[in-house]
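Every chain is numbered from 1, with letters handed out A, B, ... down the list of sequences.
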Amino acid sequence: MTSPCAQHSPEERKQLKEIILPILDDLQRVGMELCRSQSEAEELVAETLVRACENFGSLRAHSKAKQWLMGILTNVFISKYRTKQTRREVVYDEYSDEEQKFSLFDELSQPFFWWGNPEREVMNKFLDDDLKRAMNSLPEESRAIVVMCDVEGCSYEEIASVLTIPIGTVRSRLSRASSELQKHLYDHAVDMGWVAQRREDRERKAVNEQG
Amino acid sequence: MSKDKARDIDCQEALKLVAAYVDKQAEGDDTEALEKHLDSCRHCFDRVEFEKLFKNRLRALKVDVSSMNLSPKVRQILEDL
């Protein structure tokens, strides 16, 4: 198999290496955070480097190398690992405020209790593994944005730049992804018996008992 | 801008500002306006504290790769360069 670097001159190959080496740890780390296993992450990073070699000409300024490589990584992740089930999640752009967003806080908080914060108690019960599993069940686009914003701490501007989308789209995708993540965590809390029922069911039951 | 001079907002508007505030990505005087609201609204204060807790949990999922070796494929690509 021809090496992806074969097309490049020795000088270009040197430049590519100089660009990639300082960012390799970041690529591995984000790869691990995006993927469900180390082998998947290794495949992702390898594919990213191959694409970087093939598309080296598209990198305008070497100062933007990190952003460029991260962009390739996330794009490969989103397109390559998109499962059949999530293929329907094609367009995320408009997410109206009126749409019901799922909120763990709204579901769990008891505003009239002054001796505890049930929402915080439930959050403290989750293991890191529970959170990682919930993240792994998100569609790839949602997972990518949660990883970048919440795990990696990137600014909205950085995310917009890496994914080449407007900042407004970053906000709306984050909102949706967070909602999906919280719903998964809530379902886990119900499965574990930490929460009896959905709030609307509890409230409906209370109304029925009064009537 | 000091909090006192910030605009007054209600819970509905505060809710819209929480996400960006917790991400430290709030715009304009939204930070001051929200903080002013949180000074006197227990429910919104609890919501922000919860969202901060949630974010801290996600941040803790950051992976340490310092002891991770490069895969053979990656090593091969780098050797070819």
[X] side, atom [atom1]; [Y] side, atom [atom2] - distance, nearest 0.5 Å:
| X | Y | atom1 | atom2 | value |
| --- | --- | --- | --- | --- |
| A/Thr48 | B/Ile77 | OG1 | CD1 | 9.0 Å |
| A/Cys5 | B/Gln76 | SG | CD | 9.5 Å |
| B/Arg57 | A/Leu185 | CZ | CG | 9.5 Å |
| B/Lys62 | A/Glu33 | NZ | CD | 7.0 Å |
| A/Glu119 | B/Leu53 | CD | CG | 9.0 Å |

Go through B/Lys24, B/Arg75, B/Arg42, B/Glu27 and name the one with the most non-hydrogen pairs under 4.5 angstrom from chain A.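 Among B/Lys24, B/Arg75, B/Arg42, B/Glu27, the one with the most close pairs to chain A is B/Glu27.
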When you compare the side chain of [Y] with that of [X], does any pair of heavy atoms fall below 4.5 Å?
| X | Y | value |
| --- | --- | --- |
| A/Phe105 | B/Glu49 | no |
| A/Asp25 | B/Met68 | no |
| B/Asp23 | A/Asp150 | yes |
| A/Leu24 | B/Leu78 | yes |

What are the two closest heavy atoms between [X] and [Y], and how far apart are they?
| X | Y | answer |
| --- | --- | --- |
| A/Ser178 | B/Phe54 | OG-CE2, 4.2 Å |
| B/Leu70 | A/Gln28 | CD2-NE2, 3.5 Å |
| B/Arg59 | A/Val151 | CD-O, 3.1 Å |
| A/Asp128 | B/Leu61 | O-CD2, 3.7 Å |
| A/Ser109 | B/His43 | OG-CE1, 3.6 Å |

For the NZ atom on A/Lys66, are there more than 12 heavy atoms of other groups (residues, nucleotides or ligands in this structure) within a distance under 6.0 Å?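 It does not: A/Lys66 NZ has 12 such atoms or fewer within range.
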Counting only heavy atoms from other residues, nucleotides and ligands, does the tally under 6.0 Å from CD of B/Glu79 exceed 12?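 Atom CD in B/Glu79 is crowded, with more than 12 foreign heavy atoms closer than 6.0 Å.
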Look at A/Gln38, A/His8, A/Lys14 and state which one has the largest set of heavy-atom pairs under 4.5 Å with chain B.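 Heavy-atom pairs under 4.5 Å are most numerous for A/Gln38.
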Of all of A/Glu157, A/Lys17, A/Glu43, which one pairs up most often with chain B through heavy atoms under 4.5 Å apart?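 Looking at each option in turn, the highest pair count goes to A/Lys17.
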Checking heavy atoms, do the side chain of [X], its backbone, both or neither come under 4.5 Å from chain B?
| X | result |
| --- | --- |
| A/Ser103 | side chain |
| A/Leu131 | both |
| A/Ile167 | neither |
| A/Asn117 | side chain |
| A/Leu127 | backbone |
| A/Glu152 | both |

Chain B-proximal positions within residues 49-62 of chain A [heavy-atom distance under 4.5 Å]: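 Heavy-atom contacts from residues 49-62 of chain A to chain B are A/Leu49, A/Val50, A/Cys53.
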Contacting moiety of B/Glu51, where chain A heavy atoms sit under 4.5 Å: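 Just its side chain gets close to chain A.
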Between [X] and [Y], does any side-chain N to carboxylate O distance fall below 4.0 Å?
| X | Y | result |
| --- | --- | --- |
| B/Lys73 | A/Glu47 | no |
| A/Asp106 | B/Arg47 | yes |
| A/Arg120 | B/Asp46 | yes |

Candidate pair B/Leu81 and A/Ile20, rule side-chain contact (heavy atoms from CB on, under 4.5 Å), full reasoning: CA-CA 10 Å; B/Leu81 283 173; A/Ile20 288 171; 4.0 Å; yes
